[in-house]
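The structure under discussion appears below in the form of structure tokens.
In what follows, every heavy atom counts, from backbone to side chain, and hydrogens, waters and symmetry copies are set aside. Whatever order the structure lists them in is the order used to number ligands and atoms, beginning at 1. Residue numbers start at 1 and run along the sequence shown.
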Amino acid sequence: MDNIGIAEKLELLSKLLDIHGADPFKAKAFAAASFTIDKLPYPLFNTPIDKWRSIRGIGASVTNALSQLQETGTIDLLEELLKNTPPGVIEMLQIKGIGPKKIHTIWKEMGIESMGELLYACQENRLLHYKGFGEKTQEAVAQSIQFILQHQGHFLFAEIEAIFPLIDNYLAQLFGKENIAVTGSFRRQLPTIEELAYVVLAEKENSKTKFETAQPPLLLEEEEGSLLYQLKNGLRLRLYFTNDLPTTLFNTSCSEDFKIAFDNIALKKGVKTAVHDAPDGILFSEKGIPFVHPAKREKGTQLFDSTSSTQTVLHENQIRGLIHCHSTWSDGSNELEEMVQECMKRNWEYMVISDHSASAFYANGLSAERVAAQHQQIDLLNKRYAPFRIFKSIESDILSDGSLDYEETVLSSFDLVIASIHSNLRMLKEKATERLIRAIENPFTTILGHPTGRLLLSRAGYPIDHEKIIDACAANKVAIEINAHPRRLDLDWTWVDHALEKGVLLSINPDAHQLEGFHDIRYGILVAQKTKLSASQNLSSFSCKEFENWLIKRK
Ligand SMILES: [Zn+2]
Ligand SMILES: [Zn+2]
């Protein structure tokens, strides 16, 4: 092992000691030794052990560690620390702007164990409650994590959508707008994207040279009809070259299951349906079957769903109220009044304010007294802005035993309660399911918030028995949220049709922590378009009156 290798091991050891909150002098000793060894003009391990202690900064414990390293290639203490540190916490060492001591706070005090969770916490303003974390640090951490996550090559749908116009323009310039069509997982509106794919009406060989610009993208893979590039931001871009755009577009934007079902339908000559204006609309028309929205090309059975559900999809303009948002009363960035005004600008008729409950101390959760004070303010605003209405709600933590925060007297002061799990996320399926069902059975629970707690691309969420949870919601007339934050999209769209079959209402909710977050409703809509969800089954599409009536009827 050369000096650089030794120095790296000692540096990591020093950082891990700080992350674990060990004696700072011990950590400093290893850091100092690492620095010295890195600068030594001769290879340390070529000199006899008894000479080591004469080197400045190398004391007894460092010598001991070094001799272990020389003999075994590692250090016991380092191995032990590595074993006891979640991999996501070690990854945080890559984040610019924070050191091991701050990572200690993030892990031990905030209870955050992965970069994705940390990014989400930044977006929820949660870092600001901790000593040493100001707005600047929070912003720097968020930016650095975004950079790192993107370079791992996986993106949220929303992240791709943000850069999509640039890429689309670039390809349109190279090939002509009418000769390109986006396909694959982006066209199917899937929550995460590993590869942005396009169909290109052009010859592959001639096209390759078009990319030989001053800053060519990296060619990763070449297959018979396609090229796979990696762009500067880490995104993989796949191009399918074809001389039959409609067919290739269709084949690359449906699942295998859907394609088989489609191929099994014989061409019916003479019974053409109207041609949809999508480039692959002609294929449906030729078979005499109704066009299926690209988002709905997952299961073969979706091909045979009734005409209305394949062609009609829920739209953003069918949202009539903002359900699930946070204000400055807990961890949101905006005052209630600003939020009301923003809702009215969007022609929404009501807002369900659901700040965090008391046990969410990290999010400045509301004590019973502050709930009462907030209700006073809501009453005033409701007078001022009528007929716009603010519904009094709370995002009540589901405690470990499945009970809700607050005494019944407080719970009964809300118009509705959104119940969510935010703490003790590490649970086995059985425990998590029981915990949720107890909360669902609580007569005060109205909506189940983000059912699995997952954060896309960063935290799997606790495992739950979806069927049991959906049955419990059906039995207790509890609606299930489709949390529309692009990193959540929880309930997952694959369970929505099942919930609808059981008669459960869904609710597309942005879980907004600032005005800009209202926009996230879009991502809930896009995944809902993959399902049969219609406005009549989505709570946030209810008019104010319908929503009010529904609440009364439930009680
Ligand atoms: Zn929540
Ligand atoms: Zn929330």
Keeping to residues at least two apart or across chains, list the salt bridge (Lys or Arg N to Asp or Glu O under 4.0 Å) pairs with something in residues 355-378.
-> none
Could you tell me how the ring of F164 sits relative to the ring of F186: parallel (under 30°), tilted (30 to 60°) or perpendicular (over 60°)?
-> parallel
Examine H326 and say whether one of its N/O/S atoms is closer to the Zn ion (ligand 2) than 2.8 Å.
-> yes
Set of side chain to side chain donor-acceptor pair (under 3.5 Å) partners for Q230, sequence neighbours left out = none
Electrostatic pair R459-E117, nearest N-O below 4.0 angstrom | yes
Under 2.8 Å from the Zn ion (ligand 1), protein N/O/S atom count?
-> 3
Return each pair, listed once, that meets ring pair (Phe, Tyr, Trp, His ring centres under 6.0 Å) where at least one residue sits in residues 358-388; pairs must be two or more places apart or across chains.
-> H375-F414
Decide if atom NZ of K101 counts as having more than 12 heavy atoms of other residues, nucleotides or ligands within a radius under 6.0 Å.
-> no
